[in-house]
Amino acid sequence: MTRIAELLAEYGIPSAAIGVLHKGQITEYAVGVTNVGTRQPATTDTIYQCGSMTKTWTALAFMQLVDEGKVDLDEPVRTYLPGFRVADPETTANVTPRQLLNHTNGIEEAHGDPGEGADVYQRMVENIADAPQVFPLGHTHGYSAALGYAILARILEVQDGSRWDDIMRNRLFDPMGLSSTSTWREQVDETRAATGHLIRSLDEGPIITPVDYLPRAFGPGGGITSTTSEVLTMAHVLLNEGMAPNGKQIVSAGSVGEMMTSRVPIPDPYMFGPQWALGLIVCDWNGETVYASDGSTIGQNARLRILPDEDTAIVVLTNGGPREGFARKVFAEYGIPELPAPDPTLKLDLSRYEGVYGRPGARYEVTADGGKLHLTLAIDPMHAEFLQKPDRMKYELLPVSESHFLMPPADALEDTQTVAIYEFADGHARYLHTNCRVNPRLG
């Protein structure tokens with residue numbers, strides 16, 4: 001625990017809870033404080049926000065419908081939601097649950113503000129009638145933070161006859177014996193909950209996040225809160241052909257196999273993994289297949305790695321700080337590979353990469369200067385002011401291959417990132433992919 005405490009100080013993270021499931025036995029510990037104001041110690045019972053790790057839970061619930069014969073992964077969404085419609089007629093007619101689960105649907109997150117009511121996922125589906133495509137249906141991988149899994153949640157609601165929050169409780173949490181896992185902030189025991197933190201400088205130290213919880217629209221894709229042991233209970237289901245530690249069969253062995261083996265390639269294979277399955281990322285740890293489920297909220301982070309060959313799962317829950325550097329150091333002893341080294345021998349035509357890439361809320365400008373590629377990230381001015389950063393951050397791109405780049409940090413509070421710039425048409429790249437998100441060329 002001394003090493004973890006040192007890492008928390010290095011990264012400016014108030015606390016971490018870490019759990020290891022090995023051959024059915026859980027070992028867990030916690031270090032630090034849940035809130036820098038109250039200084040309440042973190043424990044193994046501390047409840048953290050899981051962010052997009054929620055998608056794995058939602059995928060499990062959806063696979064129960066598959067087991068029951070109520071839905072088919074490859075039937076159009078309109079089979080189950082007849083009123084479903086987006087701007088693109090082909091996507092309207094043909095997008096499937098599988099393409100929502102693996103993030104190849106391409107629908108822009110143009111769901112507006114659906115409110116905080118219990119009918120939020122119905123409203124999200126109604127609000128996307130004019131939503132455009134980020135890319136053509138099935139053309140590439142591009143992460144959907146909220147919308148894709150909200151559509152899946154709405155299918156669950158229609159088929160089950162109850163709200164997503166109740167579905168998760170009735171289908172997953174109660175059968176697994178989970179009493180500390182919930183989907184909505186009003187259900188959280190605040191006396192045990194970690195507070196999220198952001199960091200602007202190591203001298204200042206972590207500060208309490210101004211956003212306590214994500215909006216309810218992110219529920220099926222990012223709303224679950226849990227503890228290390230209860231996250232590992234979910235991992236146990238995936239390691240044991242769908243069976244929970246208490247002997248309850250949560251999903252069939254076939255459904256777990258489908259979640260793990262139905263895969264699509266990720267354009268940027270280095271930061272998380274080379275493939276995306278159904279609610280899981282597929283990683284290659286020096287030849288060993290490892291499954292990942294990661295999530296972040298505004299000030300909390302969750303990282304899960306499942307190693308079937310070792311009958312092991314490791315979860316890291318934190319309430320602040322840069323994300324990947326800390327987690328990678330925790331996972332190092334289990335064999336996570338280093339990021340690739342740049343290849344200085346590559347001779348690239350830099351003009352093929354230059355241009356502006358983006359979508360609503362994101363803008364990346366790629367330029368060539370002095371024989372090197374640079375990426376300038378435009379940051380929302382209010383966000384930049386709060387974090388005490390400039391609203392334009394410039395990074396060098398170091399080539400690993402013709403399509404893949406390392407992006408070293410611009411300051412000590414950042415981690416090295418990876419970027420893919422790919423699909424060359426008419427002499428220029430069409431897409432930029434980083435942090436699992438795809439951004440088409442704008443000009």
Original post:
Of all residues at least two apart in sequence or in a different chain, which pass the side-chain contact (heavy atoms from CB on, under 4.5 Å) check with Glu10?
Top reply: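 Applying side-chain contact (heavy atoms from CB on, under 4.5 Å) to Glu10 gives Leu7, Lys329.
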So, using side chain to side chain donor-acceptor pair (under 3.5 Å) as the criterion, who are the partners of [X] when residues are at least two apart?
X	value
Arg263	Gln275, Tyr291
Ser255	Asp67, Ser252
Glu109	Ser144
Tyr270	none

Tell me yes or no: between the side chains of [X] and [Y], is some donor less than 3.5 Å from an acceptor?
X	Y	result
Glu126	Gln122	yes
Thr96	Asp74	no
Ser52	Tyr149	no
Asp160	Ser162	yes

Original post:
Residues two or more places apart in sequence or in another chain: which of them pass ring pair (Phe, Tyr, Trp, His ring centres under 6.0 Å) with His236?
Top reply: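 Not a single residue meets the ring pair (Phe, Tyr, Trp, His ring centres under 6.0 Å) criterion with His236.
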**OP:** Using ring pair (Phe, Tyr, Trp, His ring centres under 6.0 Å) as the criterion, list what pairs up with Phe173, not counting sequence neighbours.
**Re:**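 Once residues adjacent in sequence are excluded, the partners of Phe173 under the ring pair (Phe, Tyr, Trp, His ring centres under 6.0 Å) criterion are Trp57.
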Subject >> Residue pairs passing the ring-ring contact (aromatic ring centres under 6.0 Å, His included) test where at least one lies in residues 190-218, sequence neighbours excluded >> reply: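 Non-adjacent pairs meeting ring-ring contact (aromatic ring centres under 6.0 Å, His included): zero.
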Restricting to salt bridge (Lys or Arg N to Asp or Glu O under 4.0 Å), what partner residues turn up for [X], sequence neighbours left out?
X	result
Asp294	Arg303, Arg305
Glu190	none
Asp411	Lys389
Asp174	Arg169

**OP:** For the pair Tyr121 and Trp164, name the ring-plane relationship: parallel under 30°, tilted 30 to 60°, perpendicular over 60°.
**Re:**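 Perpendicular, since the angle between the ring planes exceeds 60°.
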Original post:
Do the charged groups of Arg98 and Glu258 touch, with an N to O distance under 4.0 Å?
Top reply: yes
